[in-house]
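What's counted below: heavy atoms across the whole structure, side chains too, no hydrogens, waters or symmetry copies. Sequential numbering from 1 along the given sequence is applied to the chain's residues.
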Amino acid sequence: MSSSSSDVVVESTPSGAAPPRALPNGLAAFLVFLSSGAVLVLETVSLRLVGPYVGVTLQVTSSVIGMALAAIAYGAWMGGWLADRRDPRTLLAPALVLAGIATAVTLPVVRYAGEALRGGAASAVLLLTALAVLVPAGLLAAVTPLVVKLQLADLRRTGQVVGRLSGIGTLGGITATLVTGFVLVAALPSTVIVIGLAVLLGLTGLGLGAYLRRRAGTGLPGPARTKAALAVLGLAGAGLSAVAPNPCDVETAYHCARVEVDPQWAQGRTLYLNSAPHSYVDLADPTHLKYAYTQWIGLVADVAAPKGQRLDALHLGGGGFTMPRYLTATRPGTANLVFEIDGGLVDLDRRELGVRTGPELRAVVGDARVLIGGEPTDSRDLIVGDAFGHLVVPWHLATREMAAEIRRVLRPGGVYVQNVIDYPPGRFIRAELATVAAEFRHVALIAPPAAIAGRQGSNFLIVGSDAPLPLPAILAGLGTLPEEARLLAGAELATYVGDALVLTDDYAPVDQLLATA
């Protein structure tokens, strides 16, 4: 085994030349730590880059992870192959510089391509995530085998060297994941993170090249014009990043958000999250509900208790705070408690959408599934479920266990309304109806006729209670709304639901149910 390994070393060096000298241990550890960590920074930030165009779904997350792993696999393979054929010292600096350039170019590539690949089609998701991750991550993954080859001067210490550098690389990835997720994404826009990483990689490559040139006569290879071309390419990438279309006014920890003024009404505002319209707010008239599903929620709230009577309402998801404002306007004294996971979105709502918190409107930042566990039993008259990750209800808010928590918090006779988006063939809405019906004795569905018939995607509103629902009043109210909607309940609803799956914490394939046939 030793003889075979020695042969490889001899073949990889010029005739009569000594094998490449090892790097100082500290420098080797730094290069492996940095390159491995940079891959994980790219992977984490890539979700933010592609989210505005293809959403942030399980498929998108899986695609980003898969592309990153593919880049690591092919990059490590290619780095090892090159390390056996060239002096790794001549390759390390170029790999880092090229990785920096590729990272800088990623921003404009994703943003221009994203405009053409909008939507949740699997091909668009795979292509856009590949553009975001593959090239820079592959170049970075090649660094570790190049460093390892240099450090294997004594084959008796192979296991120790490989194990130590592998461990350092893993620590780099762990550190980068935690720092990016907990600090960088919350503190900096994605553009700054990506460009900052590109600059760090480029400067590290240039510094390493200068060090190796002084120490061993090897650095960035090639004539001056090649180096100048690389520099121009890097600057061009950074320049394109500055002018590439940015779909965000504000990047929060969870969303790419922007607020647009209604061109037909100066006081109207539309909140977009990851390029999808999520809320419409009329700054002058909080009773103005533009979207059909908000009109349905408002209708159910109107008939849930005598007109004008105050309610204790809990909102799972804040969005633009449209419904809390409506309830405060139509039922003075109503106590609205909003669970919103995105603190940055709450700040945006305060700045742009006129949200004013106080005794009648409290906003608590956190995950609704966690927070609802701290709510007293029988404490709310109305619970509104309107939480989404892009266009998908987060799976842990769609299970029977969550419905049981909601039922616990509702007072006897209280009403739960849940906004759901689904597309033909409607597997998720049927499963969610079955899930809510597993906990509540009385359930109804409001939706456009074409959506119920499976001809179009739409918002659906599930209504649940342990007390009989005011179905005649709801039906009468639907007849006054501008958009046609049907009300399903009783045997008709049971037929629609059929033998649909009841979702549980153990098994809730929400994203798969939402996939179109």
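- P394 approaches G389 most closely through the heavy-atom pair CD-N, 4.0 Å.
- Side chains of T435 and M402 form no contact here, defined as non-hydrogen atoms less than 4.5 Å apart.
- Residues S35 and T144 have side chains in contact (heavy-atom distance under 4.5 Å, counting atoms from C-beta outward).
- With R362 contributing its side chain and G358 its backbone, the two residues share no donor-acceptor pair below 3.5 Å.
- Counting heavy atoms from C-beta on, the side chains of V281 and R325 come closer than 4.5 Å.
- For residues 343-353, every residue pair satisfying the salt bridge (charged side-chain N to carboxylate O under 4.0 Å, His left out) rule, not counting sequence neighbours, is listed here: D347-R350.
- With 3.5 Å as the limit, one finds a donor-acceptor pair spanning the side chains of D342 and H255.
- Just one of V393, N274, L397, L273 meets the side chain to side chain contact (heavy atoms under 4.5 Å, CB included) condition when paired with F388; it is V393.
- The two residues S46 and V64 have their closest heavy-atom pair at CB-CG1, 4.2 Å.
- Using a 4.0 Å cut-off between charged side-chain N and carboxylate O, K149 and D84 make a salt bridge.
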> Could you walk me through whether T204 and L31 pass the side-chain contact (heavy atoms from CB on, under 4.5 Å) check?
Replying inline: CA-CA 9 Å; T204 301; L31 293 175; 4.3 Å; yes
> Is there a side-chain hydrogen bond (donor to acceptor under 3.5 Å, both in side chains) between N336 and H315 once you walk through the steps?
Replying inline: CA-CA 7 Å; N336 291 286; H315 303 262; 2.8 Å; yes
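- For E401 (side chain) and D505 (main-chain N/O), a donor-acceptor pair under 3.5 Å exists by modelled atom type.
- Annotation: side chain of E340 is not in contact with side chain of V364 (no heavy-atom distance under 4.5 Å).
- For the residue pair A398 and V510, the shortest heavy atom distance occurs at CB-CG2, 4.4 Å.
- Contact between A102 and L139 at its shortest, heavy atoms only, is CB-CD1, 4.2 Å.
- Taken from CG in L461 to CG in D386, the straight-line distance is 9.0 Å, to the nearest 0.5 Å.
- A side-chain hydrogen bond (donor to acceptor under 3.5 Å, both in side chains) with T191 is found for exactly one of R111, E251, R48, namely R111.
- With contacts defined as side-chain heavy-atom distances shorter than 4.5 Å, the pair Q151/L23 qualifies.
- At most 12 non-hydrogen atoms from other residues, nucleotides or ligands lie less than 6.0 angstrom from OH of Y254.
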>> side-chain hydrogen bond (donor to acceptor under 3.5 Å, both in side chains), that's the test. Do N459 and Y291 meet it? Break it down for me.
In response: CA-CA 10 Å; N459 292 85; Y291 297 143; over 6 Å; no
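- Taken to the nearest 0.5 Å, the CD1 atom of I168 stands 9.0 Å off from the CZ atom of F33.
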>> Using side-chain contact (heavy atoms from CB on, under 4.5 Å), reason through V60 and L47 one step at a time and then give a plain yes or no.
In response: CA-CA 8 Å; V60 174; L47 280 170; 4.2 Å; yes
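- Side-chain N or O atoms of T252 include none that pairs as donor or acceptor with a backbone N or O of G344 at under 3.5 Å.
- I193 CD1 to L184 CG: the interatomic distance, rounded to the nearest 0.5 Å, is 5.0 Å.
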> What's the verdict on side-chain hydrogen bond (donor to acceptor under 3.5 Å, both in side chains) for T129 and S63, showing C-alpha distance, side-chain angles and the deciding distance?
Replying inline: CA-CA 7 Å; T129 53; S63 181; 2.6 Å; yes
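- Ion pairing between R369 and D367 fails under the 4.0 Å rule for side-chain N and carboxylate O.
- Looking at R269, its side chain does come within 3.5 Å of a backbone N or O of A266 through a donor-acceptor pair.
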>> Run the side-chain contact (heavy atoms from CB on, under 4.5 Å) test on L289 and M323 for me, step by step, so that the C-alpha distance in whole Å, both residues' side-chain angles and the decisive distance to 0.1 Å come before the verdict.
In response: CA-CA 9 Å; L289 304 177; M323 295 317 301; 4.2 Å; yes
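- Side-chain contact check for V250 versus V259: every heavy-atom pair is 4.5 Å or farther apart.
- Judged by distance alone, with hydrogens and angles left aside, the side-chain atoms of T175 form no donor-acceptor pair with the main-chain N or O of G172 at under 3.5 Å.
- Atom OH of Y423 sits about 12.5 Å away from atom CD1 of I429, to the nearest 0.5 Å.
- Remark: L316 CG to I341 CD1 distance equals 12.0 Å, nearest 0.5 Å.
- A 4.5 Å side-chain heavy-atom check between Q59 and D511 finds at least one atom pair inside the cut-off.
- Here the CD-CD1 distance, from E375 to I406, works out to 12.0 Å after rounding to the nearest 0.5 Å.
- When all heavy atoms of Y211 and L27 are compared, the pair lying nearest together is CE2-CD2, 3.6 Å.
- Side chains of V338 and L314 form no contact here, defined as non-hydrogen atoms less than 4.5 Å apart.
- The two residues L208 and L96 come nearest to each other via the heavy atoms CD2-CD1, 4.0 Å.
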> side-chain contact (heavy atoms from CB on, under 4.5 Å) between T180 and L40: does it pass, once the steps are laid out?
Replying inline: CA-CA 9 Å; T180 305; L40 271 297; over 6 Å; no
